[in-house]
Amino acid sequence: MTTSSAAQTYSDADLTAVFAPVFAQIAQGAVDREIDRRLAFDEVALLREAKFGALRVPVEFGGYGASVRQLFSLLIDLAAAESNLPQALRVHWSFVEDQRLSTDSRSREQWLRAVAEGRLVGNAITEPGVGAVDRYRTTLTGTDDALRLNGTKYYSTGSLYADHILVAADRDGERVGVLVDGDAPGVTQHDDWDGFGQRLTASGTTEFSDVAVPADRVLGPGYGAPGRTYGTSYLQLVQLAVLAGIAQRATDDTAAWVRDRTRSYTHAVADLPRHDPLVQQVIGRLSSVAFTARATVLAVADTLDAALDDAQARGSFDDALLDTAELAAARAQATVIDQVVAATSHLFEVGGASIVSERLRLDRHWRNARTISVHNPLIYKLQSVGAHVLNGEDLPYAWSAGARPSA
């Protein structure tokens, strides 16, 4: 840990020394968790103990004071160990950023210190059925001294692991964010996420039935409120960090399998697969994709560092910096998704039928990459980039899913 005139900071080497052993321990059980479909409560406990959730919390409040770039570098490393966990913590990071930017000094210190003590925040934003294209069906009603939250959410990513849940709700026609305790009376959580990938993110249904909400737990505009925000690019970049980590773990797992393999083919050019130029080419492609994905994520993280540091100093966001970050994250989506999904499918070319063994679970890399890539569907993201480049149209920022009112 180094000290400057501005603040105490942790170097990359400092943070690696703290978290590399934790990630290594988490990685050891990844295949067994996948086979057993065992939620990663023990692994989340390891992250709590190491104060991983406090990476962006300033040192003065008990955190590491990490930059956005340092955070995303570590998220890639965690994703390589267990791809479900960075996604499960996705909204936690934006909650911390909101507290860092808060002008309410008392509330800001309260929540940043709570995070430094190990508190984690999950989310309940997306709604099933008709959804929230026009408004949220989850409602916050009543007066400030008697607020009640009611509704049902799906894709409540990470909430089963979390102490608090950030809920997107409708209050008299306005989108608001509401923070509730995960164990509050009236909160019921279900592990019913049935996707073929990212199975351990705890992305299931959450029900809220007359949940009492203190007035100070209403945190302002909720997800999907109009206008520019750093949050869209930030949340999307977490998904891209997961893809970069998946690419790295796929490289490591496939290379390890090839090194130990002695079976080959009569028409192969080498006796051992690891000496076969065609097999080497596949591993080279995987490694290159992992490198490119990581470099791309960190480049976007730099744009977010600039926007957030500027906002912290000025007390407000610069629209141009927000547009730069949003456009960078949208463009990065195309490259990272296409390359990682393709590479994690192509990895199977290095072996015969034995490479698809359930025991190996190498298919989880493609399934996880394909699943994570459908968040904010790429076809619409590319369209918005094209419309911006060609016609100067504004970027859409936050998107909501559901039935269009005209339908």
Side-chain angles (χ1 to χ4, degrees), residues 33 36-45 47-48 53 84-95 111 114-115 118-133 135-172 174-220 222-224 235 371 375 400-403:
R33 283 192 298 275
D36 298 337
R37 203 187 184 283
R38 176 178 64 80
L39 291 181
F41 290 108
D42 293 342
E43 291 67 34
V44 170
L47 295 176
R48 285 184 195 272
N84 292 276
L85 292 181
Q87 185 187 0
L89 296 173
R90 186 166 72 124
V91 169
H92 174 86
W93 307 114
S94 61
F95 172 81
W111 284 110
V115 169
R119 301 284 186 89
L120 296 174
V121 177
N123 87 91
I125 295 173
T126 303
E127 296 180 346
V130 69
V133 169
R135 63 178 178 84
Y136 289 110
R137 270 61 189 176
T138 299
T139 59
L140 183 68
T141 57
T143 58
D144 281 352
D145 58 349
L147 292 170
R148 291 291 184 271
L149 183 70
N150 286 278
T152 300
K153 297 287 188 176
Y154 195 47
Y155 308 128
S156 306
T157 307
S159 290
L160 280 168
Y161 299 129
D163 303 282
H164 310 288
I165 305 171
L166 187 59
V167 186
D170 179 273
R171 186 183 190 186
D172 298 328
E174 294 186 3
R175 296 182 180 227
V176 295
V178 181
L179 193 67
V180 303
D181 297 339
D183 59 358
V187 176
T188 305
Q189 300 187 66
H190 306 275
D191 178 28
D192 58 355
W193 161 239
D194 65 351
F196 61 61
Q198 294 296 97
R199 291 172 171 171
L200 309 182
T201 55
S203 297
T205 302
T206 306
E207 299 170 281
F208 303 94
S209 179
D210 279 334
V211 179
V213 178
D216 63 359
R217 292 291 191 91
V218 181
L219 303 183
Y223 180 84
L235 293 171
T371 300
H375 292 73
S400 292

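Just so it is clear, the model here is predicted, and its values are computed rather than measured.
Between atom CG of residue Leu166 and atom OG of residue Ser159 there is a gap of 9.0 Å, rounded to the nearest 0.5 Å. Taking NZ of Lys153 as the start and NE2 of His190 as the end, the distance is 15.0 Å to the nearest 0.5 Å. Taken from CD in Glu127 to OG1 in Thr206, the straight-line distance is 11.5 Å, to the nearest 0.5 Å. Atoms CG and CG, from Leu200 and Leu160 in turn, are 11.5 Å apart once rounded to the nearest 0.5 Å. The CD atom of Glu207 lies 10.5 Å from the OG1 atom of Thr138; values are rounded to the nearest 0.5 Å.
Here the side chain of Arg135 pairs no donor or acceptor atom with the backbone of Val133 at under 3.5 angstrom. Here the side chain of Asp163 pairs a donor or acceptor atom with the backbone of Leu120 at under 3.5 angstrom. In terms of modelled atom types and a separation under 3.5 Å, the side chain of Trp111 and the main chain of Phe95 share no donor-acceptor contact. Remark: side-chain polar atoms of Arg37 are paired, donor with acceptor, to backbone N or O of Arg199 under 3.5 angstrom. Using modelled atom types, no side-chain atom of Gln87 and backbone atom of Thr157 make a donor-acceptor pair closer than 3.5 Å. When atom types are taken as modelled, the side chain of Arg175 and the backbone of Ala169 share no donor-acceptor pair closer than 3.5 angstrom. Side-chain N or O atoms of Arg217 include none that pairs as donor or acceptor with a backbone N or O of Val178 at under 3.5 Å.
Phe196 has its side chain within reach of Thr371: a pair of non-hydrogen atoms, C-beta onward, lies under 4.5 Å apart. In this structure, Tyr154 and Asp192 have side chains that are in contact, with non-hydrogen atoms separated by less than 4.5 Å. Taking the side chain as every heavy atom from C-beta outward, His92 and Val115 approach each other to under 4.5 Å. For the pair Asn123 and Arg90, the minimum side-chain heavy-atom distance is 4.5 Å or more. Within the 4.5 Å cutoff, no side-chain heavy atoms of Thr152 are placed close to those of Phe208. Considering only heavy atoms from C-beta on, Leu89 comes within 4.5 Å of Leu47 through its side chain.
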- Task: Could you give me the CA-CA distance, side-chain angles and deciding distance for Thr201 and Ser203, then say whether side-chain hydrogen bond (donor to acceptor under 3.5 Å, both in side chains) is met?
- Result: CA-CA 5 Å; Thr201 55; Ser203 297; 2.6 Å; yes

- Chi angles and distances behind the side chain to side chain contact (heavy atoms under 4.5 Å, CB included) call for Tyr161, Leu39: CA-CA 9 Å; Tyr161 299 129; Leu39 291 181; 3.6 Å; yes

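Scanning both residues, Arg33 and Ala40, for their nearest heavy atoms gives CD-CB, 4.2 Å. Residue Ala162 comes nearest to Gly122 through the heavy atom pair CB-N, 3.2 Å, listed as atom of the first residue, atom of the second, then distance. The two residues Arg148 and Asp210 come nearest to each other via the heavy atoms CD-O, 3.5 Å. The shortest heavy-atom contact between Ser400 and Gly224 is OG-CA, 4.4 Å.
With sequence neighbours excluded, no residue satisfies ring-ring contact (aromatic ring centres under 6.0 Å, His included) with Tyr136. With sequence neighbours left out, Arg171 forms a side chain to side chain contact (heavy atoms under 4.5 Å, CB included) with Leu140, Asp144, Leu147, Val176, Val218.
Partner Val211 forms a side chain to side chain contact (heavy atoms under 4.5 Å, CB included) with one of Asn150, Val180, Asp181 and no other, that one being Val180.
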